[in-house]
Protein chains: 2
Amino acid sequence: MNKNKKTVSAVKILQNRYVKDQPERKASIQKERINAQVAQLIYNLRQEAGLSQKQLAEKIGTTQSVISRLEDSDYEGHSLSMLERITSVLNKRVIINAVDMNSNAFPVQRV
Amino acid sequence: MNKNKKTVSAVKILQNRYVKDQPERKASIQKERINAQVAQLIYNLRQEAGLSQKQLAEKIGTTQSVISRLEDSDYEGHSLSMLERITSVLNKRVIINAVDMNSNAFPVQRV
DNA sequence: ACTTATTATCGCAATTTTGCTATACTTGTG
DNA sequence: CACAAGTATAGCAAAATTGCGATAATAAGT
């Protein structure tokens, strides 16, 4: 009969863990989100330019596997310098904003 | 009488150098621009939050000298992860766009 | 089915960014 | 001047990102 108890404990543990890690968790979620966004942005830019990963790689002076890694939505290592390099060869430029958390501004877009 | 010749050569050399380095140069200029923009953005965010460098540093789990470095317009090491960390503790989120080089979209702004 | 092109994944070295301490500089205030 | 708060700079170790080759997986075309 400790099945219920166990279940409750488990929930509690999860709750505590969630509440306790709020700040870090928030940062983490945001990180995941922006990672996926940047990956998608790079993919979109490349597609619009009609380039293969290899072609884009050569344009920015790196290799295909690097581009593939950048377009992986789970990749955590996105950087501004890489974005610069990519937009630069595509005759674009990077724009960076910081908006309120609850703003409905579209996350990643191209003008 | 080879003064003219020399001069012409010099101009040619400069031209060649300029043309030759176009892509890298363009990337370089863009890099400088975005570096200064991000530095300014971080400074603005901190000021609006009414925080000292030390206070912001503690919020994101680093030291004052790091924030100072980030706000230096000549600093070349800006990263998305640092921007995330900063916006996260200020209840904001980062938005990244890529626009046409000649677009008049405002480079860095906050909504 | 067989190439060919394209993309994904792995592993490790090289480079870049960050952490951190110490210290100097600046500004304002008593 | 002395003191305190805030900011800037330097140097080096630690951590994260990138370079890059090899190879697997997937897709596309013949």
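The sequence lines fix the lettering, A, B, ..., with proteins before strands; numbering per chain opens at 1.
Rounded to whole Å, the distance from CD1 on B:I42 to P on D:dT7 is 14 Å. Rounded to whole Å, the distance from CD on A:Q55 to P on C:dT6 is 7 Å. The CG atom of A:L80 sits 12 Å away from the P atom of D:dT17 (whole-angstrom rounding). Distance A:D72 CG to D:dA25 C1': 15 Å, rounded to the nearest Å. One atom, NE2 of A:H78, and another, C1' of C:dT17, lie 17 Å apart when rounded to the nearest Å. To the nearest angstrom, C1' of D:dA8 lies 15 Å from NZ of B:K54. Rounding to whole angstrom units, CD of residue A:Q64 and P of C:dC10 are separated by 14 Å. B:R69 has its CZ atom 9 Å from the C1' atom of C:dC20, to the nearest Å.
Between the axis at the start and the axis at the end of the helix from C:dA1-D:dT30 to C:dG30-D:dC1 there is an angle of 40°, using five pairs per end and rounding to 10 degrees.
Taking side-chain N and O atoms only, B:R85 has no distance below 4.0 Å to OP1 or OP2 of C:dT17. Between B:Q53 and D:dA8 there is a side-chain polar atom (N or O) within less than 4.0 angstrom of OP1 or OP2. Contact between the side-chain N/O atoms of B:S81 and the OP1/OP2 oxygens of D:dA16 is not found at any separation under 4.0 Å. Phosphate proximity of C:dT7 to A:S68: absent, as no side-chain N or O sits under 4.0 Å from OP1 or OP2. Between C:dT7 and A:R46, a contact under 4.0 Å exists linking OP1 or OP2 to a side-chain N or O.
Residues A:M82 and B:S65 each lie close to DNA chain D; by heavy-atom proximity, the contact nearer the 5' end of the strand is made by B:S65. Toward the 5' end of DNA chain C, the nearer of the two residues A:V66 and B:G61, judged by each one's closest nucleotide, is A:V66.
Within 4.0 Å of A:E76, counting heavy atoms only, lie sugar-phosphate atoms of the nucleic acid but no base atom. Using a 4.0 Å heavy-atom cutoff across all strands shown, B:T63 reaches at least one base atom of the nucleic acid. Among the atoms of the strands shown, none is found under 4.0 Å from any heavy atom of A:Y43.
The base of D:dA8 lies outside donor-acceptor range of the side chain of B:E71, with no N or O pair under 3.5 Å.
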- Applying side chain to side chain contact (heavy atoms under 4.5 Å, CB included), run through A:I34 and A:H78 and close with a yes or a no. CA-CA 9 Å; A:I34 202 168; A:H78 289 293; over 6 Å; no
- Message: Pair B:K92, A:V99 - check side chain to side chain contact (heavy atoms under 4.5 Å, CB included), show working.
- Response: CA-CA 5 Å; B:K92 310 216 174 227; A:V99 304; over 6 Å; no
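No more than 12 heavy-atom neighbours from other residues, nucleotides or ligands sit within 6.0 angstrom of OH on B:Y43.
Under 3.5 Å, the side chains of B:Q64 and B:E58 contain no donor-acceptor pair of N or O atoms. B:Q40 and B:N44 share a donor-acceptor pair across their side chains, judged by distance under 3.5 Å alone.
Residues B:D72 and B:A39 approach most closely at O-CB, 3.8 Å, considering heavy atoms.
In this structure, the nucleotide among C:dG19, D:dG19, C:dT17 sitting nearest to the side chain of A:T62 is D:dG19. Distances from the side chain of A:S52 to the nucleotides D:dT17, C:dT6, D:dG6 place C:dT6 closest.
Two residues are said to be in side-chain contact when any heavy atoms from C-beta on lie closer than 4.5 Å; A:Q37 and B:I95 fail this criterion.
Electrostatic pairing of A:E84 and A:R93 does not count as a salt bridge here, judged by no charged N lying under 4.0 Å from a carboxylate O.
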